[in-house]
Amino acid sequence: EKNIDAPIIIIGSGYGGAVSALRLCEAGKKVVMLEMGMNWGKSGIPYSNLLKPDKSAGWLKTKTIAPFFNIFSLKPFTGVLDRLDFEHINIWVGRGVGGGSLVNGGMAVTPKESYFKEVFPNLDSDKFYNIYFPRARQELKVNIISEEFLKECPFYKFTRVGEEEAHKAGFKTMRIPNVYDFSYMEKEYKNEVPRSAFNTEVIYGNNHGKNSLDKTYLQKALDTGNLEILDLHSVDEINVNQDKSYTLKVHQIDTLGKTIAEKTFNCKKLIVAAGTMGTLKLLLKSNAVNNLPIPENLGKNWGNNGNFMTGRNWVKPLSGGTGAKQSTIPVAGVDNWNDPEHPFFAEIAPLPMGMDVATALYLQINRVDKKGSVYYVDDNLKVNWDASNTQKMRENADYFIKKMNRANGGTRAHLLFDNGFGANICYHPLGGCVLGEATNEFGKLKNHDHLFVLDGSLIPGTIGVNPFVTIVALTEYCIENLIQNNEFA
Ligand code: FDA
């Protein structure tokens, strides 16, 4: 069938799409979800790990693209990890049924309330901290590692060393909750079940342990019988019709990326949840090629959530360094957010290279003092972003690394990054279709009656912590109100 009618279509199966799907399906609505990536659960093809990259490792790439692990060749396949390269920033995204939840580290962090209020002054933060954040954590199956396990497990030596060093340098650390099932992890440590986090699986997908969206929100939505997910369906353009319904130009691909069908989908209600970069591309491109109306500020107020990678090499490995065995699931961070001079949060990240590389890796999250913007020109998405946008982040990284090295020894990680800093590494693109700016207060796109944007693009470029708990809470809030207001009647 080449011309398909559906009452409600959701584009994208990441956090925003999955939450919207569940709540609409529970309300008795029939929903069709279009996802350009593959349905891995259905395919039966296993995910590959960092040290043996295979089918899942790259989105139609001939070489691996995971940071620091980009030396392996690949046969092109519709894998789960993609990288979008712009002039001064590289942005990694997940592809597949479950979106970013398939490739991410599962860190499930609720933002500090004071910062949430600063970022979203118009939202009722009491409601978020009493209702939507707890709801998000419960549905996502967020849990915390046990301190006893953390203390004894050799796979977490990198965390223990990271925390000790941070304390020695005068920093505070915090435990980071995760969606990875830590009771499963304890069993994998004892070799009672197949290993996943302890088998270098994460950024190309986890075969076990991780409660990605296909196991939580999407499974619950499918269980209602009201959701149909069409994978390997990529939306190219959105058109609005005279009667205010929408027509989508879609192409279906095979696992080698070859187009096997061109299709048209028609719907009364459209939810765009293609992730920040996917959503911005679809809306800006549809505006450029066929005049889809968009608000003037679409693409503005965009940021990298202050992502800044950095690391340290020890001249002499500490007593055994961080260990050859490392879990892929981070559980601790340095919390320096309340320092007025150098506010940041730095996740103590693993580097599971299968040997002790005497390197500490950190993903810093900073404020975004200077926002960027995204636009579309000459058939291409562009990001207006350069070194001036990351200046303060670099200063924070420099301060952090110097203080850590003074207390513990070591040098800036020149082995990992050209100049010791990874300013261009971004896992958290946010904003460009900001709640209450480009949309109404619940995500309805301005200039539209039946088009809603529900994903990371609603957050104005920064949230101070890893973003998916916030994306889920915001979507829970928006979709509840949209359904109550009969927007999907
Ligand atoms: P998301 O990107 O999840 O989903 C969008 C979906 O739409 C994708 O599946 C995509 O394929 C699909 N799509 C796009 N365009 C389309 C089109 N034209 N047609 C059809 N489908 C289309 N966050 C966190 O909180 N904790 C963490 O530990 C991490 N770690 C992390 C590691 C790595 C490597 C990455 C890349 C990212 C993280 N993140 C993270 C970030 C987190 O994963 C991210 O913020 C969310 O997945 C964003 O959710 P969205 O709903 O916005 O879109």
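Note that ligands are numbered from 1 as they come in the structure, with each ligand's atoms numbered from 1 the same way. Both backbone and side-chain heavy atoms feed into the values below; hydrogens, waters and symmetry mates do not.
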Enumerate the atoms of ligand 1 whose separation from the nearest heavy atom of [X] is less than 4.0 angstrom.
{"X": "G16", "result": "51 (O)"}
{"X": "I471", "result": "45 (O), 48 (C), 49 (O)"}
{"X": "G96", "result": "9 (O)"}
{"X": "S234", "result": "19 (N)"}
{"X": "R95", "result": "10 (C), 11 (O), 14 (C)"}
{"X": "W92", "result": "36 (C)"}
{"X": "A273", "result": "5 (C), 7 (O)"}
{"X": "G12", "result": "6 (C), 7 (O), 12 (C)"}

Among all protein heavy atoms, pick the one closest to [atom] and tell me residue, atom and distance.
{"atom": "atom 25 (O) of ligand 1", "result": "F468 N, 2.8 Å"}
{"atom": "atom 45 (O) of ligand 1", "result": "P467 CG, 3.4 Å"}
{"atom": "atom 43 (O) of ligand 1", "result": "N104 ND2, 3.1 Å"}
{"atom": "atom 16 (C) of ligand 1", "result": "M36 SD, 3.5 Å"}
{"atom": "atom 26 (N) of ligand 1", "result": "M107 O, 2.8 Å"}
{"atom": "atom 2 (O) of ligand 1", "result": "G275 CA, 3.9 Å"}
{"atom": "atom 49 (O) of ligand 1", "result": "Y15 CD1, 3.5 Å"}
{"atom": "atom 52 (O) of ligand 1", "result": "G456 N, 2.9 Å"}

In terms of side-chain geometry, is the basic nitrogen of [X] or [Y] positioned less than 4.0 Å from the acidic oxygen of its partner?
{"X": "K61", "Y": "D82", "result": "yes"}
{"X": "R135", "Y": "E480", "result": "yes"}
{"X": "E35", "Y": "R95", "result": "no"}
{"X": "K249", "Y": "E237", "result": "yes"}
{"X": "E163", "Y": "R160", "result": "no"}

Self-check item: Parallel, tilted or perpendicular: rings of F128 and Y132 (30°, 60°)
Solution: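 Answer is tilted, since the angle falls between 30° and 60°.
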
Quiz item: Parallel, tilted or perpendicular: which describes the rings of F198 and F149, with under 30° parallel and over 60° perpendicular?
Solution: parallel

Quiz item: Does the S48 side chain pair with the main chain of D54, one donor and one acceptor, at a distance under 3.5 Å?
Solution: yes

Exercise. Could you tell me whether the side chain of D181 and the main chain of N211 form a donor-acceptor pair under 3.5 Å?
Key: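 Not a single qualifying donor-acceptor pair exists.
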
Self-check item: G99, A274, G17: member with heavy atom nearest to atom 5 (C) of ligand 1
Solution: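 Considering heavy atoms of G99, A274, G17, the nearest to atom 5 (C) of ligand 1 sits in A274.
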
Exercise. Could you pull out, from E35, H428, H233, the option with a heavy atom nearest to atom 39 (N) of ligand 1?
Key: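 Looking at heavy atoms only, H428 sits closest to atom 39 (N) of ligand 1.
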
Exercise. State which residues pass side chain to side chain contact (heavy atoms under 4.5 Å, CB included) with V374; sequence neighbours excluded, sorted by chain then number.
Key: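 Testing V374 for side chain to side chain contact (heavy atoms under 4.5 Å, CB included), a comparison that skips the adjacent residues, returns M277, L280, L284, W302, L381, V383.
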
Which bit of [X] gets closer than 4.0 Å to ligand 1, counting heavy atoms only: side chain, backbone, both or neither?
{"X": "L34", "result": "backbone"}
{"X": "S457", "result": "neither"}
{"X": "N466", "result": "both"}

Under 3.5 Å between some N or O of ligand 1 and some N or O of [X]?
{"X": "V93", "result": "no"}
{"X": "G100", "result": "yes"}
{"X": "L81", "result": "no"}

Just distance, no hydrogens or angles: give the donor-acceptor pairs under 3.5 Å from side chains in residues 422-446, sequence neighbours left out.
residue	atom	partner	partner atom	Å
N424	ND2	N90	OD1	3.0
H428	ND1	N305	ND2	3.1
H428	ND1	N307	ND2	3.0
E437	OE1	N301	ND2	3.1
E437	OE2	N301	ND2	3.4
T439	OG1	G436	N	3.3
N440	OD1	F442	N	2.7
N440	OD1	G443	N	3.1
N440	OD1	K444	N	3.0
K444	NZ	E487	OE1	3.4
K444	NZ	E487	OE2	3.3
K446	NZ	E437	O	2.9

Quiz item: Counting only heavy atoms on the protein side, is anything nearer than 4.0 Å to atom 14 (C) of ligand 1?
Solution: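 For atom 14 (C) of ligand 1 the answer is yes, since some protein heavy atom falls inside 4.0 Å.
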
Quiz item: If you measure from CZ on F417 to CZ on F68, what distance do you get to the nearest 0.5 Å?
Solution: 3.5 Å

Exercise. Output, in order, the C-alpha distance, side-chain angles, deciding distance and verdict of side chain to side chain contact (heavy atoms under 4.5 Å, CB included) for M36 and V235.
Key: CA-CA 7 Å; M36 67 190 278; V235 180; over 6 Å; no

Quiz prompt | Proximity of F86 and W385 rings by center, below 6.0 Å | solution = no

Quiz item: For atom NZ of K215, is the number of surrounding heavy atoms from other residues, nucleotides or ligands below 6.0 Å larger than 12?
Solution: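 Yes, the 6.0 Å shell around NZ holds more than 12 heavy atoms from other groups.
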
